[in-house]
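One structure below.
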Amino acid sequence: MKYALIVAICVVLLIPIITMFRKGTFFKSIFLSAFQGLAALLAVNALGLLTGVTLAVNWYTILACICLGIPASISMLVLNIIL
């Protein structure tokens, strides 16, 4: 049962990737997601002068925002506020 659930999740996650490859928009989607994540990180830091909440800009935060996009920026911001 455990392995069937893992296989089902992998199949569900692969469907959008296969669809993007067939349409030819895979690399465009990856690039846009990375750009939006970096823009969100820089926007949080730019607005930090007004709000007082900023994120450290280092290799870890930049790589997280490039790989995961806007959800990484939001998650780091929430963790920064909580902790």
When you measure from the side chain of Ser33 to the backbone N and O of Ser29, does any donor-acceptor pair fall under 3.5 Å?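 Checked: no pair found.
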
Checking the side chain of Asn45 only, and the main-chain atoms of Ala56 only, is there a donor and an acceptor separated by less than 3.5 Å?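 No, Asn45 side chain to Ala56 backbone: no donor-acceptor pair under 3.5 Å.
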
From Thr25 atom OG1 to Phe31 atom CZ, the distance as rounded to the nearest 0.5 Å: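 Answer for the OG1-CZ pair, Thr25 versus Phe31, is 14.5 Å.
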
Set of side-chain contact (heavy atoms from CB on, under 4.5 Å) partners for Ile62, sequence neighbours left out: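 Result, side-chain contact (heavy atoms from CB on, under 4.5 Å) vs Ile62: Leu38, Leu41, Val57, Ile66.
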
Over 60° means perpendicular and under 30° means parallel, so classify the ring planes of Phe21 and Phe27, tilted if in between.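 Phe27 vs Phe21 ring planes: perpendicular.
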
Counterpart residues, side chain to side chain donor-acceptor pair (under 3.5 Å), relative to Thr61 (two or more places apart):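 Partners of Thr61 by the side chain to side chain donor-acceptor pair (under 3.5 Å) criterion, ordered by chain and then number, come out as Asn58.
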
In this structure, would Leu47 and Val53 fall into the same cluster of hydrophobic residues linked by side-chain contacts under 4.5 Å?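 Each belongs to a different hydrophobic cluster.
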
Between side-chain atoms of residues 68-83 and protein atoms elsewhere (two or more places apart, or another chain), which donor-acceptor pairs fall under 3.5 Å?
unit_1	atom_1	unit_2	atom_2	d
Ser73	OG	Gly37	O	3.4
Ser75	OG	Pro71	O	2.8
Asn80	ND2	Thr54	O	2.6

